[in-house]
There are 2 protein chains.
Amino acid sequence: MKIATFNVNSLRKRLPIVLDWLAQQKPDVLCLQETKVQDSEFPLLALAPSGYHITFRGMKSYNGVAILSRKPPEAVFHGFDDGGESEDARLLRVVIDGIPIVNTYVPQGFEIDSPKYQYKLGWYERLRQYFEKHLSPTKPAIWCGDMNIAPRPMDVHSPEKHLKHVCYHEDARKVYERTLAWGFQDVFVKLYPDRRQYTFWDYRAPSSLEANKGWRIDHILATAPLAEQCTRVDVDVEPRRAKDPSDHTFIWAEFSV
Amino acid sequence: MKIATFNVNSLRKRLPIVLDWLAQQKPDVLCLQETKVQDSEFPLLALAPSGYHITFRGMKSYNGVAILSRKPPEAVFHGFDDGGESEDARLLRVVIDGIPIVNTYVPQGFEIDSPKYQYKLGWYERLRQYFEKHLSPTKPAIWCGDMNIAPRPMDVHSPEKHLKHVCYHEDARKVYERTLAWGFQDVFVKLYPDRRQYTFWDYRAPSSLEANKGWRIDHILATAPLAEQCTRVDVDVEPRRAKDPSDHTFIWAEFSV
DNA sequence: GCTTATGGTG
DNA sequence: CACCATAAGC
């Protein structure tokens, strides 16, 4: 099974890139974040030629997640079910071939001193409880998406400059780590612990891509039984260099199941 | 000498269309209106490959005129010099090969009952005085641009419906006619008095182009000695059918000088 | 920088 | 319908 994740930063603007990538890479599952389209305007027709089944939940302007899969999902779940904000434009879970796949667009958090950052930290806490409720660390499961966390110093350019950045701050990395500790392994780190490879380069620094000033904040994780079967992981940088790119690019993993 | 005029409706948005047209038609002079770009942001670099000399004056958001010429102008004059509003983002005059060329983007006038319409009528009056001051009807001179006037019934679809339209109202046509009477001849009318050919089709009516519901409001005029040497005039409709078009298209004239 | 939304212009 | 400006989010 080949699974990929991509923060599209507007699905409508990125349709050519998504369609090209599906045709070339033929993943079994592609998780998308920041579709930025409400369900009534979701571009189903434009994606139909791909032949993928599509599960999605969005809203106006912001957020929005979708899962494209070669097989139809056996089950679909939107958002949290803990009584808080449902966040179904940020959290989508499907079951495919009996394997639960969780797609998240985790809140970015704005600034360390802001309520939004506290909300982000709480979001990871809720997610860990969600895993406890719905998944088992001893059974196959996949979690992927834009986590808005660079877990290690080598996952961000100039880490010392970003100690107070909401995607690298100690508290954020700790809560992320604790969420993983429930039972998820980062398959990129597992296979290539020394590889420095980013998945996001800010639009704002024009030279960010050329100078490779990026962040690894898009991740694919698997529970132990599945992580052991991960045969390959790779980041495809080419779509970031394409015309009218997202500020993120694709990361994909292959599992021998 | 081949001279053309085109209301670009944002030069930045229309760069591909302008560059293509220059490369294909190779006019000696191209007058542009509604560049909608202030001078500090004028896309000189993007136009440089054309090899044309560029004279321009613009402002934020609205108006803006430019003249592209194969030869450098021998003189350049911006706006009125009568002590009123200078209007240099609407009026540009250059001298090329000894021939004065006046490029105007005449105010549209909003509605008949509005002060803007009175301003438009006054603008034509000022322009006539400008011609008296700076030009001679017995010497070669060219005036072109977006005049926001359909001079004859056949220059607008359903003229009877537009009697109170600021681009067809009796008063506007009269003041335009009086400005011409100073000494300018419409070379399109001179050469092809019976030809019905529009230069503008509103974006708002989606079928305006297909149904040919347009206006002839972009004009090329010449003083008598030059008008007599006009060998050809044509409207090129193709750019209006191109991808991301302006709502106007090019009109050009050839003079045997 | 690039996306979104809104409100104003012709 | 397609521009413009502004403001928000990342």
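Below, chain A is the first sequence line, B the second, and so on; all start at residue 1. From a predicted model like this one, the values you see are computed outputs, not experimental measurements.
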> Do B/Thr199 and B/Asp218 pass the side chain to side chain donor-acceptor pair (under 3.5 Å) test, and can you show the C-alpha distance, the side-chain angles, and the key distance before you say yes or no?
Replying inline: CA-CA 6 Å; B/Thr199 62; B/Asp218 302 276; 2.6 Å; yes
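Summarising the geometry, the separation between CH2 on B/Trp215 and P on C/dG10 is reported as 14 Å, rounded to the nearest angstrom. As rounded to whole Å, 15 Å separates atom P of C/dG10 from atom CD1 of B/Ile149. The nearest whole Å value for the distance from the CD atom in A/Glu41 to the C1' atom in C/dT4 is 12 Å. One atom, CD1 of B/Ile112, and another, P of C/dG10, lie 14 Å apart when rounded to the nearest Å. Taking atom NZ of A/Lys243 as the reference point, atom C1' of C/dC2 lies 13 Å away to the nearest angstrom.
The local environment of CD in A/Glu210 is crowded, with over 12 non-hydrogen atoms from other residues, nucleotides or ligands closer than 6.0 Å.
A side-chain N or O of A/Gln33 and one of A/Asn103 form a donor-acceptor pair less than 3.5 Å apart.
The residue from A/Phe188, A/Phe184, A/Tyr176, A/Trp252 that alone fulfils the ring pair (Phe, Tyr, Trp, His ring centres under 6.0 Å) condition with A/His219 is A/Tyr176.
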> Once each nucleotide of nucleotides 3-10 of chain D is scored for protein heavy atoms under 4.0 Å, what B/S/- sequence comes out, 5' to 3'?
Replying inline: SSSS--SB
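Aromatic ring centres of B/Phe6 and B/Trp21: separated by at least 6.0 Å.
A salt bridge links A/Arg178 with A/Glu125: the distance from a Lys NZ or Arg NE/NH1/NH2 to an Asp or Glu carboxylate oxygen falls below 4.0 Å.
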